[in-house]
Peer 1: 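Take this structure first; my questions come after.
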Amino acid sequence: MKKAAIVFILVVFGISTLMAQKPGVKVHYRVSFDSASKNKMHVIMMMDNVKPGTITCKMPEWMPGYYQIMHYANAVSDFQIKDANNTTIAYTNTIKNAWTFTNKSSKKIIISYSVKATKKFVANSYVDTSRAYIIPCATFLYLDNQLEIAPTVQIDKPSAWSSIATGLTLLSATTHTYKASSYDILFDSPILIGNLEALPSFYIGGIQHRFIGYGLGTFNKEKFIQDLSKVVKAGIDIIGDIPYTDYTFIGIGPGRGGIEHLNNTTVSFDGKGLETEAGLNKTMSFLAHEFFHNYNVKRIRPYELGPFNYDAGSKTNLLWVSEGLSVYYEYLMVKRAGIMSEKALLQSFDNNITAFENGPGKYHQSLTQSSYFTWQDGPFGTAGPDKNKSISYYDKGPIVGLLLDFAIRHNTNNQKGLDDVMRLVYQEYYQTKKRGFTDAEFQMACEQIAGTSLNEVFEYVYTAKPLDYAKFLGYGGLSLTVSEDKKYRLQPLAAKDSLQSVIYDSWLH
Ligand SMILES: [Zn+2]
């Protein structure tokens, strides 16, 4: 009962703040780069139709897709608030990511600040004289409790820079102004500005797919786009629906990592290594992973991942589905695209099994725990206070995905598989119920497709119980061996029965 009372007070407080500024506060941002040589950008936030009262503006503490508290507000400086008469308004900033002030009577409020952007990482903004990579969560303040406002963003593009890449909707090409239908959309739409190179578009189902980037490097771009289009098609074929009106891969230059969004992904990319088989497989798997996320996590999503808690983070047990199964599908997409060989596909799983089985955390942490505790353990489960007791859902996730797929195929005479589960949750939760699914609902969806209980496999999700590889891999005609130096290796069984052969062959294609 105590809990309910607290929730009630918060709701009432939220509504009163909300009502205070409604209806019709308009927010427009202007971003400029006069201090780019000092790795700074300048932001002006103009609010119109503001009502008198106490106002709090906040900067998110993290960005969806990168499940770590980033303290983006630490990069903010030169903070100023002015009213319509250009009079400075005093503010408090006792909570690092929140600025609170009182508006006496001005309908217009102008907040200006600088953002230092020095880290070349996909979840951090970066600015220098060659380009700007803007992470909206790390750049744009929002009015507390008013994430439904539809903001506009104007980019003062330096004339030396040729173009802007973003998933935001263009309002004016002459003033470089964009709009977002809500803050969730703004925060989901990074912006890259500089001398960017656009590779030839490819179309699937009449929908345009683009690859635009900074410092793309030298490689066979025609072949790259051909390969990428096959990989994207393999991903679309799993779900059978294209939910966006266009899709853009945004290459931000050399580095590591990628982050998924509804109609784009930002990826660290420099075109290196594509000429070797291993390098091509690695790059295509990486791009497949980020692309498949447009379904798995942006639309097929855990219940907790929306609406987001931009202050405290949105914790969920289900990153093993969102991330782990996206790893599972990145391999299958590149194999089904005809790029990855059967041998390389099995080796991809070998790497995950070897990493997982040789880590001490396997006895201590379940997949659900590694999902929930990633905020303290780090994205790969190694940086936390007790690193020997954590695992990575990037390793165990695809392994359990494989066991789950084989269990479903075995129980249905190969009439159904994990692809059917992904289609079912897409249709039932994204398209019909328009919400995320719970832990129990995901298991139920798997069991509905399998037509039987899958408790035995889900024990590998909820507990640290050792995996029965022989049984579940055997369903698909595979066996696992381990060498003296503890390297694990998947191999097709020499003698498969007819169901094992059918499952193995259809799994590969
Ligand atoms: Zn991912």
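Order of listing sets the numbers, starting from 1, for every ligand and every atom in it.
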Peer 1: Would you call K58-D144 a salt bridge at under 4.0 Å N-O?
Peer 2: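 Yes, this pair counts.
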Peer 1: Quick test of your reading of the model: are R299 and D241 salt-bridged, counting only N-O distances below 4.0 Å?
Peer 2: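 Result for this pair is no, no salt bridge flagged.
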Peer 1: Taking C-beta and beyond as the side chain, do P302 and V321 meet within less than 4.5 Å on heavy atoms?
Peer 2: no
Peer 1: Any idea how many protein N, O or S atoms are nearer than 2.8 Å to the Zn ion (ligand 1)?
Peer 2: 3
Peer 1: Should the heavy atoms of other residues, nucleotides or ligands under 6.0 Å from CG of L170 be counted, would the total exceed 12?
Peer 2: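 Atom CG in L170 is packed in, count exceeds 12.
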Peer 1: Do R435 and E441 sit within salt-bridge range, that is, some charged N less than 4.0 Å from a carboxylate O?
Peer 2: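 Yes.
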Peer 1: Check this for me, if you would: do E342 and K335 make a salt bridge, where the nitrogen-to-carboxylate-oxygen distance has to be below 4.0 angstrom?
Peer 2: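 K335 and E342: not salt-bridged.
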